[in-house]
Each structure stands twice: as structure tokens, then as C-alpha cells.
2 protein chains.
Amino acid sequence: MATSTSAGGQTGAPRGRTGRPPVTSREQILVAALRLIETRGWQRLTIRALAAELGIGTTTLYHHVRDREDLLVQLIGEVVAQMDRPELPADPRERVAVAMMTVHDTLAAIPWAAEVLTVDGFMGRLGDTSVWIVEVVLAAVVETGSTPERAVEVFRHLWYYTAGEILVRARSAVGTLDRDRLLPEGQTLFGAREAAALPTLAAIGDQWPQIAARDTYAEGLRALVAGLLGPAAGAGG
Amino acid sequence: MATSTSAGGQTGAPRGRTGRPPVTSREQILVAALRLIETRGWQRLTIRALAAELGIGTTTLYHHVRDREDLLVQLIGEVVAQMDRPELPADPRERVAVAMMTVHDTLAAIPWAAEVLTVDGFMGRLGDTSVWIVEVVLAAVVETGSTPERAVEVFRHLWYYTAGEILVRARSAVGTLDRDRLLPEGQTLFGAREAAALPTLAAIGDQWPQIAARDTYAEGLRALVAGLLGPAAGAGG
DNA sequence: ACCTGAACACCGTTCAAGT
DNA sequence: ACCTGAACACCGTTCAAGT
């Protein structure tokens with residue numbers, strides 16, 4: 001764990017500090033939050049419910065986390081810290097892909113990540129492992145002949161694509177049942193009139209959901225890497 | 001306007017319908033919502049505030065929109081419908097880029113779009129203009145030699161990138177002030193110890209925010225298009 | 001057919017005191 | 001130093017009646 005409000009042991013021997021002793025710690029809060037998510041689902045993780053789980057006053061939490069968003073970011077940082085660091089390929093373009101795929105897979109497995117995925121400087125706030133991944137990506141991009149400045153831009157492109165994929169997929173997984181209400185039974189997406197103006201959509205017909213359900217993240221990511229850094233052979237810039 | 005619950009005029013001559021007359025309509029609701037956003041800001045657009053603005057009971061709104069999310073999607077549909085349809089280049093790859101840039105620019109200008117950008121089938125639910133844009137993209141991809149099926153995959157890649165860019169940028173615009181609280185004055189991003197392990201990040205130093213603030217959407221989009229469909233010359237597949 | 005108040009079941013966060 | 005109940009200022013949505 002990276003930071004510590006009161007390094008060392010639990011609430012025990014007072015080390016020259018004065019005042020009322022703490023009833024909880026950052027560690028206890030994060031553990032309780034993960035337990036709450038596991039037992040009741042992430043939608044139920046509220047500041048109030050978390051305080052109840054810890055058996056402390058609701059407002060006490062605000063001494064340990066800045067706000068709800070801060071709590072979620074710290075929580076994801078905790079999960080990411082336990083992530084295995086991937087084996088990195090020698091080829092820099094492939095190394096970029098593997099690093100981003102690791103981030104993607106880790107975050108996509110956390111459904112509550114979607115809530116805070118877009119906060120400013122998200123990756124930088126998660127802790128050592130994710131900062132390490134950013135460094136890996138930047139270094140690999142520089143290895144292909146780019147400046148560090150350009151590497152930051154490349155990383156952001158990759159992050160936009162990755163965050164977008166996770167966010168869009170996180171929603172479509174749930175919304176499957178709702179579509180029935182929008183399109184009444186038996187009704188196709190387009191009538192005959194529209195089919196003339198929208199031939200390609202008409203050709204796809206009701207196949208869209210099946211095609212959209214495919215996991216094509218890795219393929220798209222590699223296409224983006226190739227587009228940004230050139231194909232695996234020459235050194236781009 | 002695409003749909004109409006009671007085609008024709010306002011609440012006037014009853015056309016053989018029985019029961020209590022409506023106090024509002026889809027049109028009135030959308031107009032009032034846009035007015036509310038303009039005067040009080042989009043954060044203040046709540047079901048309750050909107051009903052108050054219209055001078056009707058809160059629960060009456062649920063006869064005209066399914067829920068808050070549905071209201072926002074319809075609202076964005078309204079804005080997108082007023083969008084100018086862009087002039088389309090002859091080159092299919094450039095046509096794809098222009099079409100997506102049009103969507104991007106329109107949605108990026110609507111800060112409240114971020115709330116519902118990731119709902120399932122978002123583009124398809126917005127109405128004629130956005131469906132037309134999807135058709136343009138699909139047709140252009142097919143023109144490069146892809147199957148319609150593959151075109152759907154390509155569109156989704158482009159949509160992930162576009163949605164991610166809009167969502168991440170929507171947040172970072174607001175969060176600038178908050179960073180000061182995370183990094184106390186004068187403190188750099190990394191100490192000397194970390195600089196050795198993270199040389200590329202160290203080289204960038206405090207330049208990150210400036211670089212990240214650049215608008216590089218178009219460049220990244222073109223890179224993705226090139227990576228997916230090949231460079232402007234040959235026909236990919 | 002359509003409208004509605006009241007109620008349900010909650011939120012995050014701040015304040016001003018405690019201990 | 002740290003903790004806390006009460007309060008502030010709200011939410012979206014459903015129910016069971018109205019008219």
C-alpha cells in the first residue's frame with residue numbers, strides 16, 4: 001500500500017499524539033468497501049452504507065476520504081495494485097498493445113470502475129502499478145522514434161479508445177432487456193421506405209446486436225497502434 | 001420531428017377521443033427542458049424541476065418520457081436533428097473521418113451528453129440524422145472492400161474512440177482546480193527515487209497537463225481509420 | 001385518457017458541537 | 001485530533017386515486 005495516515009500498528013499505543021483516538025483507518029475502510037461490494041453489489045456502496053458496515057458515524061468517513069469519487073478511485077487503485085504485471089514483448093508496438101490490454105482487462109472486470117473511469121488523471125491516481133503501465137507505454141512509444149511529448153499524445157489516444165470501450169460495453173451488458181420495450185415484437189429496425197435510403201443498415205438488418213456483442217477490443221487496439229506508430233516493421237515518428 | 005403521440009394540432013378540437021385532455025406534449029417538454037438547461041445549467045435539469053418549469057405535476061412527465069435517461073436521449077436527438085449534414089468527400093476513408101468528426105463535434109458541444117452517451121444503441125436512438133451518419137460510415141467502409149458485418153465492427157471501434165474522447169475530456173475540463181488539492185504546492189509528480197524507475201514520465205515532468213489539453217481527436221481518429229481500413233491508397237479488408 | 005399529491009426509499013455533504 | 005447526530009437540500013420513481 002502506498003500511503004499511510006498513521007504508519008504502523010492498529011489503534012493501540014499512543015505515540016505522543018493527543019486527542020481522541022481514531023476509530024478506523026484507510027485500510028479498514030477499503031476492506032469494508034470491498035466486502036460490501038461483494039455481499040450487496042456495487043450499486044449499494046454508499047457513504048452511508050459503508051459507515052454502517054464499519055459501525056461508525058457517516059460523517060467520520062469524510063476524515064479519511066475526500067468524497068465518494070475519491071473513495072472509488074482509491075478502491076480501484078487497490079484492485080489494480082493486486083494485478084499481475086504482464087510479461088512484456090520485445091517489440092515496442094506489441095508491448096504497447098499488451099500493456100493497454102492488461103489495463104483494459106483489469107478495469108473491464110470491475111463494473112463499478114465505469115463510474116469514475118473518466119475522472120481527470122485517472123491512471124495517475126490509481127497508484128504504482130498503473131503508473132508503471134503508463135511508463136511502459138510511453139517508453140515503448142519513444143523506442144519507436146517518437147518524442148516523449150508525442151508519446152503522451154499517443155497514450156491519450158489509446159486511453160480514449162480503452163475507456164470508451166469499457167464504458168460503452170458496461171452499459172450494453174445491462175440494457176439488453178430494455179430494447180424490447182423500444183422495439184415492439186416483430187417490428188424490424190426499418191420499414192421499406194427507410195431501407196431505400198439506408199441500404200447498408202437494411203442489409204445488416206437485425207444482425208447488429210450479435211455483431212456488436214463480439215469482443216473486438218484487441219483488434220481495434222492493434223489497429224490504433226498501427227495507425228499511430230506505423231506497422232510493426234519501420235520506425236514511425 | 002420523427003414520432004408523434006397525437007399527430008396534428010395542439011390541445012384543441014377533440015378527435016373522438018375520450019377522457020381528460022393532455023396538459024402538455026412531447027414538444028413542450030423538450031422545449032421546456034432546453035430552456036431550463038439554458039437558464040439554470042444542465043446539472044439542474046431534474047424531473048422535478050422540469051415539471052415545475054412546465055407548471056404540471058411531477059409524475060405527469062412519466063406519461064411522456066419513460067425515465068430521466070429517455071428524456072436526455074430525446075433531448076440530444078433534438079439537438080442532433082438540427083445539426084447541419086456535412087459535405088461528404090469522395091474518398092471513402094476521408095468520408096468516414098468527416099462523418100465521425102461531425103458526430104464528435106456536435107456531441108462534444110453538449111456537456112450533458114456525457115450522462116447518456118454510453119446507453120445501449122445510443123446513436124440509433126437519436127433519430128434520422130444520426131442514423132444517416134451511421135449509414136454514411138457503414139457504406140463508406142463497405143466501399144473500401146469490407147463486408148457490412150465488418151463495417152459494423154469498424155463503426156464500433158470508431159464509436160469507442162469517439163465516446164471515450166468526449167467522456168474523458170468532459171471531466172478533465174472541470175477537474176483542473178481539484179488537482180491542487182491532491183498535489184500540495186511545489187510538490188512535483190515524482191521524487192528522485194521514482195524518477196529512476198519512471199524515466200519517461202520524469203522526462204515529461206509537469207508538462208503532462210499542457211500536452212493532455214491539446215485537441216488531438218481528429219489526428220487520432222484518422223490514425224484509427226488508417227489502422228482499420230489501411231492507408232488511403234489500397235483497398236483494405 | 002390523462003393527471004396528480006403523497007409517499008417510498010433513499011442520496012452526498014456540511015455544520016456545530018462533542019469527547 | 002478525531003468523532004458524531006442532526007440537518008440541509010435534494011433525488012427518481014411508484015401507487016392509488018382522482019377528473
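Naming convention: chains lettered A, B, ... in sequence-line order (proteins, then strands); numbering from 1 in each chain.
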Worksheet item: Would Tyr217(A) and Tyr160(B) count as a close aromatic pair, with their ring centres under 6.0 Å?
Response: no
Discussion item. Which label fits His157(A) and Tyr161(B): parallel for a plane angle under 30°, tilted from 30 to 60°, or perpendicular past 60°?
Written reply: tilted
Worksheet item: How far does the P atom of dA17(D) sit from the matching atom of dA1(C), given to the nearest Å?
Response: 22 Å
Practice prompt. Could you check how far CG of Leu54(A) sits from C1' of dC3(D), rounded to whole Å?
Written response: 14 Å
Item to complete: Please determine, for dC3(D), whether a Watson-Crick or G-U wobble partner exists with both distances under 3.5 Å, and give it or none.
Response: none
Discussion item. Tell me whether Glu149(A) is salt-bridged to Arg214(B), with the criterion being a basic N under 4.0 Å from an acidic carboxylate O.
Written reply: yes
Item to complete: Take the protein atom CG of Asp67(B) and the nucleotide atom C1' of dG12(D), then report the distance between them rounded to whole Å.
Response: 9 Å
Fill in: Integer-rounded Å distance: dC2(D) P and Arg20(A) CZ
12 Å
Worksheet entry | G-U wobble or Watson-Crick pairing nucleotide for dC10(C) (cut-off 3.5 Å, both distances) | none
Fill in: Integer angstrom distance from the C1' of dC8(C) to that of dC10(D)
15 Å
Worksheet item: So Thr216(B) and Arg156(A), side chain to side chain contact (heavy atoms under 4.5 Å, CB included) or not? Walk me through it.
Response: CA-CA 9 Å; Thr216(B) 57; Arg156(A) 285 190 75 85; 5.7 Å; no
Worksheet item: Nearest-Å distance, NE2 (His63(B)) to P (dT13(D))?
Response: 14 Å
Worksheet entry | Arg68(A) side chain to Leu45(A) backbone, donor-acceptor under 3.5 Å | yes
Discussion item. Give me the atom names and distance for the closest heavy-atom approach of Glu135(A) to Leu198(B).
Written reply: OE1-C, 3.3 Å
Fill in: Under 3.5 Å: donor-acceptor pair, side chain of Ser130(A), backbone of Met123(A)
yes
Practice prompt. Answer yes or no: is there an ion pair linking Arg44(A) with Glu53(A), defined by an N-O contact shorter than 4.0 Å?
Written response: no
Fill in: Value in whole Å for how far the P atom of dT13(D) lies from CG of Leu71(B)
10 Å
Worksheet, complete the sentence: So, with a heavy-atom separation below 4.0 Å from DNA chain C, the residues of residues 31-52 of chain B are Arg48(B)
Item to complete: Mind running a 4.0 Å heavy-atom check of residues 55-62 of chain A against DNA chain D and sending the residues that fall below it, in number order?
Response: Ile56(A), Gly57(A), Thr59(A), Thr60(A)
Worksheet item: Between the side chain of Asp105(A) and the main-chain N/O of Leu107(A), is any donor-acceptor distance below 3.5 Å?
Response: no
Discussion item. Rounding to an integer number of Å, can you tell me how far Leu72(B) CG sits from dC11(D) P?
Written reply: 14 Å
